[in-house]
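Right, one structure below, let's go through it.
Convention: sequence-line order gives letters A, B, ...; per-chain numbering from 1.
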There are 2 protein chains.
Amino acid sequence: MAVAGKYQELAAAMARLVETELAPGDQFPTVPELAERFGVHRNTASRAVQHLKEQGLLSGKGGGKTWVRVPPAPTVRRNTRYQEEKDLVLRPEAERRSCGVAEWESGISLTTVYEDTARHDVVDAPDWVAEILEIEPGAKVLRRTRTRRHRKGAGASCSVSYLPYELASRNPELFDESRDPWPGGTMHQLHTLGIEVDRIEDHVTASMPTDEEVAEQDIPPGVPVLRDLKITYATSGRAVEVAALPFPADRAKLVFVTPLERWS
Amino acid sequence: MAVAGKYQELAAAMARLVETELAPGDQFPTVPELAERFGVHRNTASRAVQHLKEQGLLSGKGGGKTWVRVPPAPTVRRNTRYQEEKDLVLRPEAERRSCGVAEWESGISLTTVYEDTARHDVVDAPDWVAEILEIEPGAKVLRRTRTRRHRKGAGASCSVSYLPYELASRNPELFDESRDPWPGGTMHQLHTLGIEVDRIEDHVTASMPTDEEVAEQDIPPGVPVLRDLKITYATSGRAVEVAALPFPADRAKLVFVTPLERWS
DNA sequence: GAGTGGTCTAGACCACTGT
DNA sequence: CAGTGGTCTAGACCACTCC
C-alpha cells in the first residue's frame with residue numbers, strides 16, 4: 001500500500017467538508033484559510049485544492065474564487081435513435097423539424113444551450129479521414145464544425161464531421177452555414193444526395209482533454225472525454241461521413257442496444 | 001490563451017526529446033540530470049516528469065528509474081460479437097471452447113495474459129444492481145469477479161458480473177470457480193438456465209481510475225478508464241445479468257455497429 | 001548504502017479577478 | 001489595488017529501488 005502524500009489526505013478531508021457543510025454553488029474557503037484551518041503550509045493546501053478541481057469536485061479559475069462545483073445534468077445518447085432518424089427522413093419537413101435530431105446528436109438538452117454556431121469549410125482531408133472515407137489523402141472534403149456553449153460554466157462541445165466534397169457538391173445547400181441545424185439531421189442531408197444509410201459504426205474511446213479543450217471549453221482538467229468516432233455507411237458499402245464527437249465524461253453516457261436474432 | 005507554466009513547456013520539450021532521441025523501453029534521464037540539462041530546479045524537472053507519466057508517455061514507480069513507456073497493444077471489442085456468441089450457444093462444446101469468448105469479453109489478447117483468477121461469491125445486491133435486475137435491494141446475487149494480470153506491467157483488468165441468485169441457483173455448476181472461464185461464455189451459461197438472450201445493452205461512460213485501480217493494476221495515473229455497464233436481457237424482457245467492464249482507455253476501443261432497416 | 005523519485009515547508013513572484 | 005490562485009526556487013526529508 002503506497003503511503004498517501006499529505007495533500008491527498010488533505011484533499012480527502014476537504015471532500016468530506018464539502019459533503020457535510022457545503023452545498024453545490026457555495027464558495028469554498030480560500031487557500032490561506034484552509035492552510036490555517038488544517039495547520040499546513042499554503043502550498044500544500046493549494047495542491048489539495050488543485051487535486052479536487054481535477055476530480056471535478058471544485059471549480060474556479062486561477063485568480064478567482066473557488067466554488068463547490070455544480071454537477072452537470074447527465075445526458076444520454078442512444079443508438080436506437082439512428083433507426084428513428086432514418087424513419088424520419090421520409091416524413092414531411094414539419095415533422096422532421098420538430099424532432100430534435102441536433103439535440104440528440106450533441107447529447108445535450110437544448111434548454112441549456114446558450115449559443116450554437118456552425119462553420120463549414122472545404123479543406124484537404126486529414127490522413128485518418130481519407131483512410132476511412134477511402135479517398136485519396138489530401139482530397140477535398142466538406143468539414144463542418146459545430147460549437148455549442150452553455151450557460152453558467154456548464155461546458156461546451158465541439159464536434160467535427162467530414163463529407164467527401166465530391167459527394168456533398170451535388171447539393172450546394174449543404175455548404176450553407178445558415179441552414180444549420182438541418183431539419184432531420186445528417187441522415188436527411190445524405191438523402192438529398194441520393195444516399196440511403198445502411199449502418200452506423202460508433203468507435204468509442206476515451207482520453208484526457210487536450211489543453212485546448214480545457215481552455216476553450218469548460219471541461220475541468222482531470223475529467224476524461226469520451227470520444228465517439230461515428231462512421232456512416234451507405235447501402236453501397238461506402239463510408240460517406242465521418243464525425244468526431246467528444247463528450248465530457250462527467251455528464252455523458254452512451255447507450256448501445258444490440259438486438260439479437262431469435263432462435264424461435 | 002492561458003500562459004503555460006514553465007513545467008508544462010519543460011514537459012513539451014522532454015516529449016520532443018523522447019520522440020527524437022529515445023525509443024520505447026529506454027531509460028529516461030534522471031531528475032537531477034534533467035534539471036541541469038534544462039537549467040531549472042530539481043523540483044520543476046520532477047513535476048514535468050510527473051506530468052508526462054500522467055500522460056502515459058513515461059513510466060516508473062517512485063524510487064525506481066524512469067522509462068520511456070512501451071505503448072500497450074491496442075485492443076478492440078465489437079458488439080457484432082454478441083450475435084456470434086449467441087449463434088455459438090447451440091453448437092457442440094468443442095467448438096464453443098475454441099472460440100475465445102472470454103478473451104473477447106475482456107478485450108485483451110490471451111497471448112499477453114499472465115494470470116487469470118476468478119472468484120464467485122453470493123452477496124447482497126448493491127442498490128444499483130438491484131434496480132437494474134428489478135429485484136429487491138439486498139436480495140441475494142451471484143457475484144463473479146474476474147481478474148487478469150499481464151506481463152511486463154502491461155496492466156490488469158478486473159470485471160464484475162451479477163446474476164440473481166434465484167436464477168443462478170438452477171445450475172450449481174455456475175457457482176464453481178474452477179469452471180471459469182466457461183466455454184461459450186455467459187450466453188451459454190444463461191442457456192443452461194433455460195434463458196434465451198433477447199438483446200444486450202452497453203452503457204458506456206468514462207472516468208478516472210480509482211486510487212485502488214491505480215495501485216493494484218498497472219493503469220498509469222492520468223489515463224482514463226472506459227466503463228461499460230453491460231446489461232443482458234432475456235426474451236421475457238427481464239434483465240438477467242449485469243456486468244461492469246473497465247477498459248484502460250489508452251489501449252481499448254469499443255466498436256458498436258447499428259444496422260438500419262432498408263427502405264427497399 | 002547510494003541513488004532515485006516524491007513531497008513538505010518556506011518565501012518570493014506573477015497573472016488574474018473582483019471591486 | 002487588494003486578494004486570490006498558481007508556480008518557481010531552495011533546501012530538507014522520506015520511502016523505495018537497485019546493487
Testing the 3.5 Å rule here: is there a donor-acceptor pair between the side chains of B/Gln27 and B/Thr66? no
Are any of B/Tyr7's side-chain N or O atoms less than 4.0 Å away from OP1 or OP2 of D/dT7? yes
Requested in this report: Give a yes/no answer on whether the side chain of B/Thr66 brings an N or O atom under 4.0 Å of OP1 or OP2 in C/dG5.
Outcome: yes
Atom CG of A/Leu10 and atom P of C/dG6 are separated, to the nearest Å, by 20 Å
B/Glu36 atom CD is separated from C/dG3 atom P, nearest whole Å, by 15 Å
Between NE2 of B/His51 and P of C/dT7 the distance, given in whole Å, is 15 Å
Quick one: is C/dT9 close enough that its OP1 or OP2 comes under 4.0 Å of any side-chain N or O from A/Thr44? yes
Assert: residue with more 5' nearest nucleotide on DNA chain C, out of B/Glu33 and A/Arg42, is B/Glu33
Are A/Arg77 and A/Asp228 close enough for a salt bridge, meaning some N to O gap below 4.0 Å? yes
Worksheet item: Do the ring planes of B/Phe256 and A/Phe256 sit parallel (below 30°), tilted (30 to 60°) or perpendicular (above 60°)?
Response: parallel
Original post:
Are B/Thr30 and C/dG3 close enough that a side-chain N or O sits under 4.0 Å from OP1 or OP2?
Top reply: no
Open item on the list: Any donor-acceptor pair, under 3.5 Å, between the side chain of B/Arg47 and the base of C/dG6, if you only look at N and O atoms?
Closed with: no
Whole-Å distance, B/His41 NE2 to C/dT7 P, equals 16 Å
Minimal heavy-atom distance between B/Ser159 and B/Pro246, with the atoms involved, is CA-CD, 4.1 Å
For D/dC16 and B/Lys65 - does any side-chain N or O of the residue sit under 4.0 Å from the phosphate oxygens OP1/OP2?
no
Of the listed D/dG11, C/dT9, D/dG5, the closest approach to the A/Val40 side chain comes from C/dT9
Comparing nearest nucleotides in DNA chain C, the 5'-proximal residue of the pair B/Val49, A/Ala45 is B/Val49
In whole angstroms, the gap separating C1' of D/dA15 from CD of A/Gln8 amounts to 14 Å
Look at the side chain of A/Asn43 against the base of D/dG5 and say whether a donor-acceptor pair falls under 3.5 Å; ignore hydrogens and angles. no
Short side-chain to backbone donor-acceptor contact, A/His120 and A/Leu174, under 3.5 Å = yes
Atom CZ of B/Phe38 and atom P of D/dC8 are separated, to the nearest Å, by 14 Å
